[in-house]
Amino acid sequence: MSRYEPSQSEAKWQAAWDAAHIFEARRDPAKPKYYVLEMFPYPSGRIHMGHVRNYTMGDVVARYKMSCGFSVLHPMGWDAFGMPAENAAMERGGHPKDWTYGNIADMRGQMKPLGLSIDWSREFATCDPEYYGQQQAMFLDMLDAGLVYRKNAVVNWDPVDMTVLANEQVIDGKGWRSGAQVERKELTQWFFRISDYAGELLDALDRLRDWPEKVRLMQANWIGKSRGLQFAFSTVDAPEGFDRLEVYTTRPDTLMGASFAAISPDHPLARHLERHNPKIADFVAECRRIGTTEEALEKAEKRGMDTGIRVRHPMDEAWELPVYIANFILMDYGTGAIFGCPAHDARDHEFATKYGLPIEPVFAPLEGDYPAGEYVPLKSEAVRYVRGFAGDEVQTGEDAVAAAIAFCEANGIGHGVTNYRLRDWGLSRQRYWGCPIPVVHCATCGVVPEKKENLPVRLPDDVTFDQPGNPLDRHPTWRDCTCPKCGGAARRETDTMDTFVDSSWYYARFTSPHAATPTDAAEADYWMNVDQYIGGIEHAILHLLYSRFFARAMHKTGHLPAKAIEPFDALFTQGMVTHEIYMTRDSQGRPVYHLPEDVENGVLKATGETVEIIPSAKMSKSKKNVVDPMNIIRDFGADTARWFVMSDSPPERDVEWTAAGAEAANKFLARVWRIANDIAEGAGGDAAADLALRKAAHKAIDEITKSIDGFAFNKAVAKIYELANTLSKSAASNEARRETMRVMAQLMGPMVPHLAEDVWALMGGHGFVVQAPWPKADPALLVDDTVVLPIQINGKRRSELTVPKDMPATEVEKLALADETVIKVLAGQPPKKLIVVPGRIINVVI
RNA sequence: GCGGGCGUGGCGAAAUGGUAGACGCAUGGGACUUAAACUCCCUCGGGCGCAAGCCCAUGCCGGUUCGAGUCCGGCCGCCCGCACCA
């Protein structure tokens, strides 16, 4: 008998699949289509276990659907623009392009041995001019359609990377990649009008039924819809042109509790005042140093400065409120100005306490005492209004807000406004390694779009990274060009696009990766939408929200059909691959981390020193708790790696990689191999055991099919173990065992495709197992003639009864009452109640 | 603070309201072997008992139900997301 040698057979099958072109997606009108997509990787140069898990999940789905008769599209590409390439060029020299394409070649070389059913003929990288040129064409169409515009904006400036960051890319006041403290800077930036779609992007979430509830909720919170009142205070002693101050509030019902007004340091009034008042200028400058992020503002102490200006309360001309500049007011939200009601808002309370401002309650709890500090009940909670002006005395906050808006509108005090937290998407980046924004700046014509026939605007190759900032900006010739409109001398836009733009439409490009237009209508119409999208939860907000917007923008500009405005029908977010961390300490007590391969039985292989074991965490290079998939493939084969990441943990949960688990996975595959060889050698057989084995096989078909359909791959794996155990113990005829083994090869095929092909061929299967029709469970074999019914007494299992499966309940009752244990317990008394759930259980109540 | 999720053996985990712990790992025992590796078989939540069996057990407390890991209410703990959004 030959040994299980994955290194040889895996390469052999991969070559055979390639030669037969079976994974090349074809538009086939005779078949239903299925588009399965995993979030494409950034080409860092090495694949990691997270990739293996992600792509194996997609591969399981793709191969399963292929067997089920679908025409499957399962593509792969590279999210190839971005700063790491420039950082590498800065640190090590060389060119981002060489670095990136080198990494892509390396990673492709590591992915191919996994045996994924990918249509590699569709592969592209977002840094290919053929791709980003089409992206530029769409940018021009979107510019034309009014979906892109330029404005001056206060932006997050990363002083290390010398680039602008989106608010979403600022974490803890620091750049998400560089970690540098973010500063405020004003620049002219390009923006997508995603906020125009805020309402629609929010409403459409309800229709994404096959998305995780969690992701939809996160997006809804991010979009942040609120209903409130916008109105104007008239001002007293304000500079010319500022006789009104527009404010927005979500709690107009607390208007009678107002004790001050406050404006953002970026509010036009604050900007005016800082020019004339050095103290205000100092204060505003200090506020700006905090940064633009909400989180930074949150963490800062509430501070303000009285401007000396006052506003008149809209309900009472004589009632005047002071106007402060306050560091916690965001210019981007509402009007950048508020009124403060310290009795019912924690921030306002802190502020009022600090500056000695009045705190007047507007409402009180229905029961109990008025709490110390601010009183902020849920809006859905009913309270008693003591200083209300609209609606009932006792009402919920929600009702009070609605009544207050209606009252104010009727009395000419402002109007109801729906606001969103979502802001427009700033896409300009002052970087080299990105898609150039295809416009030129002409002294006479202003901003002029490049002509489409001049696309792509290619990145120049002759650049250096010996100084920070954008090499395009200091390029001697690239930025000089002629104006497409007047033909005069002009300058190219040197900003490039946020890499989230690249990943916002790659799924659409995969439907026609070589087309001369961004998409091909017939192809997009056939393949869209993505039936199953798989990726990490870390993209729950940005990437997915941007993609949803972009699909709408592509539809508006004629690049996607209407049905594709929600591009991902189903979304699955997989968990991480984790590993224990092994640590020792150096002579100064500083932690030293060790790779799992250097540790055995809790000690360092090299020195015998005992390591401290820190519970599992996401694999990360800094903690050295990483396992290189290439080593696993070398030692055990790709099927073992694939089998391991599919077993044990539910796919949405984290899975812990253990060496023991990997070995166990490998042992099992070798065992399947042995069982198959055993059968091939003609061993065994008594036909009397055939039916039992066939029943087990068909139950497995039924359960595994359901498990794969429901993304419960760990359960499918468990069922395969069960079937293997049954098969290896079965005394059935060789023919029946051969048939069962063929079924098992098919059921295992999505997870361990190479072994499955080997077994399939060995068992006399025709063609590739991946192309064989998925087995169908015979309903007749799923039911047993007899069932074992547990007998409970008062809900506790005490005995059991074996009866024909369709025995009437009355018969079962008789048998139950004749049961020895039941007779003993009843001791001659009749039961209080006898419950028979046919085919399930019997419960005797005494 | 708000929103969401999750708490089951030594571990990863199963369980349409119906026999809690499938399946795997680890553990212990055995077979094979000169010995080991490989492989195969058995054991494997806790307690009492010679045994048949009984009791306890799904974070804690209550409730609904013939029957609750599952449903409801209240706690405790952990994880994730959002976070002065006016």
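Just so it is clear: chains get the letters A, B, ... in the order the sequence lines come, proteins before strands, and each one is counted from 1. Just so you know, these numbers come straight off a predicted model, no measurement behind them.
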If pairing requires Watson-Crick or G-U wobble contacts with both distances under 3.5 Å, which nucleotide is the partner of B:rC66? B:rG18
Does B:rG24 pair with anything, Watson-Crick or G-U wobble, both distances under 3.5 Å, and if so, with which nucleotide? B:rC11
Could A:K805 and A:D784 be called an ion pair, given the rule that one side-chain N must be under 4.0 Å from one carboxylate O? no
Assess the pair A:F636 and A:F644: is the distance between their ring centroids shorter than 6.0 Å? no
Taking the [atom1] atom in each of [N] and [M], what is the distance between them to the nearest angstrom?
| N | M | atom1 | result |
| --- | --- | --- | --- |
| B:rC79 | B:rC72 | C1' | 24 Å |
| B:rC25 | B:rU70 | P | 30 Å |
| B:rG47 | B:rC11 | P | 16 Å |
| B:rG9 | B:rC2 | C1' | 36 Å |

Side-chain N or O of A:R653 closer than 4.0 Å to phosphate OP1/OP2 of B:rG5: no
Under 4.0 Å: is that the gap between some side-chain N or O of A:R840 and OP1 or OP2 of B:rG17? no
Report yes if some heavy atom in the side chain of [X] is under 4.5 Å from a heavy atom in the side chain of [Y]; otherwise report no.
| X | Y | result |
| --- | --- | --- |
| A:F668 | A:I720 | yes |
| A:M315 | A:I413 | yes |
| A:P651 | A:N714 | yes |
| A:F339 | A:F260 | no |
| A:I338 | A:I263 | no |

Report the distance from atom [atom1] of [X] to atom [atom2] of [N], rounded to the nearest whole Å.
| X | N | atom1 | atom2 | result |
| --- | --- | --- | --- | --- |
| A:I791 | B:rU19 | CD1 | P | 14 Å |
| A:N794 | B:rG67 | CG | P | 8 Å |
| A:L789 | B:rG67 | CG | P | 19 Å |
| A:D253 | B:rA86 | CG | C1' | 12 Å |
| A:R216 | B:rG3 | CZ | C1' | 15 Å |
| A:E820 | B:rG53 | CD | C1' | 13 Å |
| A:D348 | B:rG1 | CG | P | 19 Å |
| A:K214 | B:rC6 | NZ | P | 10 Å |

Could you check whether [X] gets within reach of a base, just the sugar-phosphate, or nothing at all, counting any heavy atom under 4.0 Å?
| X | value |
| --- | --- |
| A:K796 | sugar-phosphate |
| A:I835 | base |
| A:V845 | sugar-phosphate |
| A:K824 | nothing |
| A:S647 | nothing |

Establish whether the base of B:rC82 is bridged to the side chain of A:N221 by a donor-acceptor pair shorter than 3.5 Å. no
Can you find an N or O donor on one side and an acceptor on the other, under 3.5 Å apart, linking the side chain of A:R798 with the base of B:rU19? no
Measure from the side chain of [X], starting at C-beta and using heavy atoms only, and say which of [options] lies closest.
| X | options | result |
| --- | --- | --- |
| A:P650 | B:rG81, B:rA14, B:rA86 | B:rA14 |
| A:M218 | B:rG18, B:rA86, B:rG81 | B:rG81 |
| A:L217 | B:rA83, B:rG3, B:rA14 | B:rG3 |

Report yes or no: is the cationic atom of A:R3 (NZ for Lys, CZ for Arg) under 6.0 Å from the centre of the six-membered ring of A:W673, at an angle within 45° of the ring normal? no
Would you give a per-nucleotide map of nucleotides 20-30 of chain B, 5' to 3', where B means the base has a protein non-hydrogen atom under 4.0 Å away, S means only the sugar-phosphate does, and - means neither? --BSSS-----
Taking the chi torsion of B:rG30, is it syn (within 90° of 0) or anti (everything else)? anti
From CA spacing to verdict: ring pair (Phe, Tyr, Trp, His ring centres under 6.0 Å), A:F231, A:Y248: CA-CA 7 Å; A:F231 69 94; A:Y248 174 71; 9.9 Å; no
